[in-house]
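In this text the structure is predicted, and so the values were computed from the model without any measurement.
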Amino acid sequence: MDQKKRDDGFILIALLTLAAVGMVFVDSMMSSIRVNTISQSDSTDEIRATYLANAALHEGFAEVAAQEDLDVDGLGAIGVGNPRVLRDARGAVIGEYVSFVQYIGDNNVLTGVAAIPNFAAPTAIHSSRAIVNAEVEFILKPSSGALAISGPLNNPNMSGMSTGGFQITGDGDTPAIVLSNAAAHEAFMDEMIHELDDGDWDGTEVTGTAETYTALDGTEYNWPIGYREKSFLTADDLNTYRNDLRAHFEEMADSADRLVSDKVYGDHAWGTTASPEVTVIDCDLAGTTRVFRTEDQTITGSGTLIIKHTIKHRYNLNFNWDGDVVIIGYDGDGSDLLYTYGSNMTINGNLILLAGDTTEASFEIADSVSSYVGGGDERKSLITVNGGVLCLAEAGSHETEIEVEDSSELHVNGFVGMYGSRVEIEANSGTVLNVTGTFAAGLPDSGRSDDFFFQLSGDVNLAYDKTIAEDAINGLTELQADVDLSGSTGGVTYNKFMFTAAISSEAGSSISDLAMYHQLMGAGAEMGVDMDSIAVPESTTP
């Protein structure tokens, strides 16, 4: 073989060797690319599964919070019972998820489980969890406003608005007066326009965020009076709620720390801030509405004071109480559950008037008379409540009323709620009625013809203050949290829900969550959430 042929052979061998090495390198590169692609796909599926599990959690939460079968799967308020299927633009299944409630430990746990692309042949599964707790919401919470009126106004009467010192003040975001629906708003506006024409509202100042109202004659009024459509409590709901509260406080009274069953003479201190007590005054056992007998006596206390039957604080009472004061009316009692003469009263808490079925829930404040103060000058009443004033009458037939007369004063820093067949507010000449927070009036859905009545000739100031109002409503909410409201739920939602802790499980453990879901579904277990079993948390972390 000559030299040239030998050289050509070596070149061919070298080329073949290089080609073989190149093929190995390319194959190695392709394997690496395949591995990286698979790894990236796995990572993407895990991310998708995580997001879908969170979606399941939030969709399930919406159904549990509503306590309704929103997805109409026939399984109740359990979350997403039948798997929710997600498809791409071509219709191919790219993910599925479910959610359900489990009772784990002392908590109701909402679990969301997602699979990519489906539960039948998953490439990734993930679950997320959240503890669901219920927080009680004040059942009579009104819309924001200095004066918030719920329910229809059949024939409001404001002809007694002769005062030149009436101020209703909203703020930059809130009208001064808020009605619960368009019909009530129209009735209120028509009455107000009518009384303005008669000169009865001259000097009244209504300030806040303005809203436009067009009268029947086409005239536009740009006033801070509006409405916020919201469901309203019927008379039956109000009565049932009142009875629930009565039952709660009567039960509390049965195990009171102190029972006052006779006339009270001299000064007394019942309970302290360090050691609050439950004190009961039974006016029927004492044989008189005028339980407090000594002129200018002082009563102080802390805790809960429950007064059974009508009481009249006469003889210039000095009264200071830290906590709730509850007055329970019974059939046969007088119309005024609380009647004061020349009293100085401060309540740092809630003042609650609960009428019987045949009595009004009225609160009257008056001067003393000279014969009770040794022939000296009469002393006006000065009543201050730092919290909530709640007056509940028999909503189908009896009114609730606050009357301030004879140069007396009533100051409420918080919330005033008056609910009955008719709501009446009177402030006579020379008196002061001052509410900083929210003044709410609630009427039944089919009330009497003169269901809302203002008769004011004194100095009246209703000023909306969101912070003060919410603090007072929170106080009423805490009080309500201990009450069995099982009878008050007719169309009324008084629970709100929140996530108190988020728990994301490892992807591998999601298989057990999915197995639990299939077990619950297969057994046809009752999956609705029993709200009585959900504890009210002391603190929450959304």
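The side-chain contact (heavy atoms from CB on, under 4.5 Å) search around Asn350 returns Asp324, Ile352, Leu476, Leu479, not counting sequence neighbours. For Asp331, the side chain to side chain donor-acceptor pair (under 3.5 Å) partners at least two apart in sequence or on another chain are Thr358. Evaluation of the side chain to side chain donor-acceptor pair (under 3.5 Å) rule for Arg258 yields Glu277, Thr279 as partners, not counting sequence neighbours. Applying the side chain to side chain donor-acceptor pair (under 3.5 Å) rule to Ser381 yields the partners Thr340; only residues at least two apart in sequence or on another chain are considered. For Thr400, the side chain to side chain donor-acceptor pair (under 3.5 Å) test picks out no residue, with sequence neighbours left out.
For the salt bridge (charged side-chain N to carboxylate O under 4.0 Å, His left out) condition, the pairs that include at least one residue of residues 347-361, sequence neighbours left out, are Arg242-Asp357.
Separation of the Phe415 and Phe439 ring centroids does not fall under the 6.0 Å cut-off.
By the 30° and 60° cut-offs, the orientation of the rings of Tyr339 relative to Tyr341 is tilted.
A salt bridge between Arg228 and Glu211 is present, with a side-chain N of the basic residue lying under 4.0 Å from a carboxylate O of the acidic one.
Under the 3.5 Å distance criterion, the side-chain polar atoms of Trp270 are left unmatched by any main-chain donor or acceptor of Val278. A side-chain donor-acceptor contact under 3.5 Å links Thr477 to the backbone of Ile473.
Within 6.0 Å of OH in Tyr227 there are 12 or fewer heavy atoms belonging to other residues, nucleotides or ligands.
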task: List the steps, then state whether side-chain contact (heavy atoms from CB on, under 4.5 Å) holds for Val412 with Thr436.
output: CA-CA 6 Å; Val412 179; Thr436 302; over 6 Å; no
